[in-house]
Number of protein chains: 2
Amino acid sequence: MFSKACEYGIRAATYIASQSLEGRRVSLKEIAEEIDSPVAFTAKILQQLSRNKIVASSKGAYGGFEIEKSNIERIKLGQIVHAIDGDKVYVGCGLGLKKCNANKPCPVHDRFVAIRDDLKNMLEATSLREMTMGLEVGTTYLKR
Amino acid sequence: MFSKACEYGIRAATYIASQSLEGRRVSLKEIAEEIDSPVAFTAKILQQLSRNKIVASSKGAYGGFEIEKSNIERIKLGQIVHAIDGDKVYVGCGLGLKKCNANKPCPVHDRFVAIRDDLKNMLEATSLREMTMGLEVGTTYLKR
DNA sequence: GTGTACTAGGACAAATTTGTCCGATTTATG
DNA sequence: CATAAATCGGACAAATTTGTCCTAGTACAC
Ligand code: FES
Ligand code: FES
């Protein structure tokens, strides 16, 4: 569905958001531990998210990653997916034709588009804030 | 969403089905041409489908691939996806945790499962016969 | 039987994705 | 200023997926 990079990205952003809500800036190392991801690979992904203004990074001692509180409400999953996987979730054809195209549709087009639109809506409706809710009370997890 | 192999597999099976309905057995070469896929790679995938009894192959001159008429009604997309991509569509977690698990869900679990179930239902409800319908009348395409 | 037109299958190659390593740079602190 | 703790970014390595090539075997036609 999503690339590994994207999965790590969402989990990382969610963890950062949960800590930022409590005023804590977190280090790469801590993030990787908390979401159970390879440290160096996670670093790359956080760079991407940083360039895309999804997370804020600060270098140097006591540096790390954080997300502005107002952005935690504002940032939607869709933005993270787009920053890492591009628009393939939105324009890709279910059967691998160059691009999904209603004018020359593949045999699953109608059925597929319905599902893809649901996914799209879900991604655009779900904020980082919502992602953190269950974490605080221990009903959802970022690793197992 | 699906692997390339799976996409080719669905397109190939759909094309074979459409031709089998007209009583024509088709060669690998023709299939690859009609679905615009790499010949040798398509051969591998057809071997898989053949081992899984989704298509029937016959060797030798005038050999090729076909699908029994009754099977065209019976075979669902889900079987093809399962034969090639396994069950990852069904058991995978949206955020990449080992397996989707309602007892220790990730933050997107509920939203994700809803969409995945729709996909699953679609795959299990769509027969090869339905896939071929638009092809005959030129409203759907297997290549562009 | 021989030639021809096919599929089967294994070994290999290329491309992409995932993941590692390390030096450079930045920043807080003493 | 020196040190330590952190991110940045480029080069590299490993793993997976995608794709190619070649040989063997099979069936039909003559
Ligand atoms: S054309 Fe294939 S999904 Fe739209
Ligand atoms: S646990 Fe992540 S989708 Fe179910």
Side-chain angles (χ1 to χ4, degrees), chain A residues 1-13 16 19 24-33 35-67 81 83-86 88-89 92 95-96 98, chain B residues 1-13 15-16 19-20 24-33 35-67 81 83-86 88-89 92 95-96 98:
Chain A
M1 183 73 73
F2 307 122
S3 67
K4 280 280 167 205
C6 194
E7 292 172 353
Y8 294 146
I10 294 173
R11 276 155 55 199
I16 297 168
Q19 297 303 298
R24 295 188 60 235
R25 180 190 284 169
V26 288
S27 74
L28 166 62
K29 196 180 145 203
E30 177 182 339
I31 295 167
E33 247 155 40
I35 70 172
D36 190 26
S37 66
V39 179
F41 192 42
T42 306
K44 300 289 168 172
I45 297 159
L46 287 172
Q47 280 174 40
Q48 276 189 271
L49 294 183
S50 176
R51 286 193 211 100
N52 282 277
K53 314 278 183 209
I54 289 166
V55 307
S57 74
S58 20
K59 292 181 167 187
Y62 288 82
F65 298 88
E66 66 194 315
I67 307 179
V81 172
I84 299 175
D85 279 353
K88 74 181 176 192
V89 176
L95 296 190
K98 306 296 175 200
Chain B
M1 182 75 71
F2 308 122
S3 68
K4 279 282 168 204
C6 193
E7 292 171 353
Y8 293 144
I10 295 174
R11 278 157 50 201
Y15 180 69
I16 296 168
Q19 297 303 298
S20 289
R24 295 189 60 235
R25 179 189 284 168
V26 289
S27 73
L28 166 62
K29 196 179 146 204
E30 178 181 339
I31 295 167
E33 247 156 39
I35 70 172
D36 191 25
S37 66
V39 179
F41 191 42
T42 306
K44 300 288 169 175
I45 297 159
L46 286 172
Q47 280 175 40
Q48 276 189 269
L49 294 183
S50 176
R51 287 193 210 100
N52 281 277
K53 315 278 183 207
I54 288 165
V55 306
S57 75
S58 20
K59 293 181 167 187
Y62 289 81
F65 298 88
E66 67 194 313
I67 307 179
V81 172
I84 300 176
D85 280 352
K88 73 181 177 192
V89 175
L95 295 190
K98 306 296 174 198

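Hydrogens, waters and symmetry mates are skipped; everything else that's a heavy atom, side chains included, is used. Residue numbering restarts at 1 for every chain, and letters A, B, ... go by the order of the sequence lines.
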To the nearest 0.5 Å, tell me how far B:Ile31 CD1 sits from B:Ile45 CD1.
11.0 Å
Mind listing the residues from residues 53-64 of chain B sitting with a heavy atom below 4.0 Å of DNA chain D? Number order is fine.
B:Lys59, B:Gly60, B:Ala61
Name the nucleic acid region contacted by B:Arg25, choosing base, sugar-phosphate or nothing; use a 4.0 angstrom heavy-atom cut-off, strictly under.
nothing
What residues form a side chain to side chain donor-acceptor pair (under 3.5 Å) with B:Ser27, not counting sequence neighbours?
none
With sequence neighbours excluded, tell me which residues meet side chain to side chain donor-acceptor pair (under 3.5 Å) with A:Gln48.
none
Ranking A:Arg51 and B:Ser3 by the position along DNA chain D of their nearest nucleotide, the one closer to 5' is A:Arg51
Show, in sequence, the C-alpha distance, side-chain angles and deciding distance for A:Leu46 and A:Ile16, and conclude whether the side-chain contact (heavy atoms from CB on, under 4.5 Å) test is met.
CA-CA 11 Å; A:Leu46 287 172; A:Ile16 297 168; 3.8 Å; yes
Between B:Ala12 and B:Ile35 the two heavy atoms that sit nearest each other are N-CD1, 3.7 Å
For DNA chain C, which residues in residues 36-47 of chain B have a heavy atom at a distance below 4.0 Å?
B:Lys44, B:Gln47
Under 4.5 Å between any side-chain heavy atoms of A:Phe65 and A:Gln19, yes or no?
no
Can you name the nearest heavy-atom pair linking A:Ile67 to A:Ala13, along with the distance?
CD1-O, 3.7 Å
Residues 1-10 of chain B side chain polar contacts: donor-acceptor under 3.5 Å, at least two apart:
| unit_1 | atom_1 | unit_2 | atom_2 | d |
| --- | --- | --- | --- | --- |
| B:Ser3 | OG | B:Cys6 | N | 3.1 |
| B:Ser3 | OG | B:Asp85 | OD1 | 2.6 |

Would you grab the first and last nucleotide of DNA chain D (5' to 3') that comes under 4.0 Å of any non-hydrogen atom in chain A?
D:dA5 to D:dA11
Protein-nucleotide distance (A:Lys4, atom NZ; C:dT20, atom P), rounded to Å:
13 Å
Which value, rounded to the nearest 0.5 Å, describes the distance between A:Arg25 atom CZ and A:Ser58 atom OG?
3.0 Å
Least distance between heavy atoms, B:Ala83 atom then B:Ile54 atom
CB-CD1, 3.9 Å
